[in-house]
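Numbers here are sequence positions counted from 1. As the structure lists them, so they are numbered: ligands from 1, and atoms in each ligand from 1.
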Amino acid sequence: MVSRIEIAPGVYFWREKFNRAAQEKLLQDVLALEKQAPFYRPVMPGNGKPFSVEETNFGALGWVSDKSGYRYQPRHPVTDKPWPAIPPTLTDLWNETADGPEAECCLVNLYRAGARMGLHQDKDEKALGSPVVSVSLGDDAIFRIGGAARRGPTKSLKLATGDVVMFGGPARLAYHGIDRILPGTSTLVPGGGRLNLTLRRVT
Ligand code: MD6
Ligand code: FE
């Protein structure tokens, strides 16, 4: 049993909550589901600039971004097929950490070398009373967390494979992002890089 640390009010962290064997199992689940819902590269609303990360989703609703904006939708934007179900390892994690209604979305981010994610809030969900829970697999990442104001002070945290982060309560709308990936720090992901799996309640 890994104990949780509260990094800031409402921001919880579990170091290596998933051990190597559990990481490998989860990775196999993700790679199998990825055959049904392949990674694609979203673009920014407005300017259509491609993301540096590739994404897919599992669950009833997937988070997508295109020229018209950010939204949740029940189908993959490229294949037009429903997203595959969230794997049991992740619904178990959600049920253990987030109390409240079941998760509806698992957004999967794939970071190859050089990919990053700008400072953002997760605010496209109507269920802002439910937390967001995320699992990291593969290479280490430098995660930056601030407060609910974009310009406030931030803290940096290294996220390693198997780590879990939860944002809830006073931190549900905290700004956060990935400054960079440290390539070659893990052998888990074939071809190198990092996967992040983020669970949310949407409705
Ligand atoms: C990432 N994570 O770790 C991006 N959002 O690649 C997130 O954007 C995130 O880790 C909300 C809650 C936890 C997270
Ligand atoms: Fe986020």
Discussion item. Could you see if Leu137 belongs to whatever hydrophobic cluster contains Val164? Use Ile, Leu, Val, Met, Phe, Trp, Tyr and a side-chain cutoff under 4.5 Å.
Written reply: yes
How about [X] and [Y]: does a side-chain donor come under 3.5 Å of a side-chain acceptor?
X      : Y      : result
Arg200 : Tyr72  : yes
Ser156 : Arg144 : no
Trp63  : Asn57  : no
Asp163 : Thr161 : no

Practice prompt. Please confirm whether Arg194 comes within less than 3.5 Å of ligand 1 when only nitrogen or oxygen atoms on both sides are compared.
Written response: yes
Worksheet entry | Distance-only N or O hit between ligand 1 and Ser134, under 3.5 Å | yes
Discussion item. Only N/O/S atoms count here: what is the atom of Asp122 closest to the Fe ion (ligand 2) called?
Written reply: OD1
When you measure from [atom] to every protein heavy atom, which one gives the shortest distance, and what is it?
atom                    : answer
atom 6 (O) of ligand 1  : Tyr111 OH, 2.5 Å
atom 12 (C) of ligand 1 : Val132 CG1, 3.5 Å
atom 9 (C) of ligand 1  : His176 NE2, 3.3 Å

Practice prompt. Would you indicate which of Asn196, Val135, Asp122, Val165 comes nearest to atom 11 (C) of ligand 1 when only heavy atoms are counted?
Written response: Asp122
Worksheet, complete the sentence: In ligand 1, the atoms that come under 4.0 Å of a heavy atom of His120 are 8 (O)
Worksheet entry | 4.0 Å heavy-atom contact, Arg200 with ligand 1 | no
Item to complete: Take every heavy atom of Met166, measure it against each atom of ligand 1, and state whether any distance is under 4.0 Å.
Response: no
Item to complete: Quick one: pull up CH2 in Trp14 and OG in Ser3 and give me the separation to the nearest 0.5 Å.
Response: 10.5 Å
Worksheet item: What is the ring orientation for His176 with Phe167, classed by angle as parallel under 30°, tilted 30 to 60°, or perpendicular over 60°?
Response: perpendicular
Worksheet item: If you measure from the Lys or Arg side-chain nitrogens to the Asp or Glu carboxylate oxygens, is any gap between Arg172 and Glu125 under 4.0 Å?
Response: yes
Worksheet item: Rounded to 10°, how big is the angle at the Fe ion (ligand 2) from His176 NE2 to His120 NE2?
Response: 80°
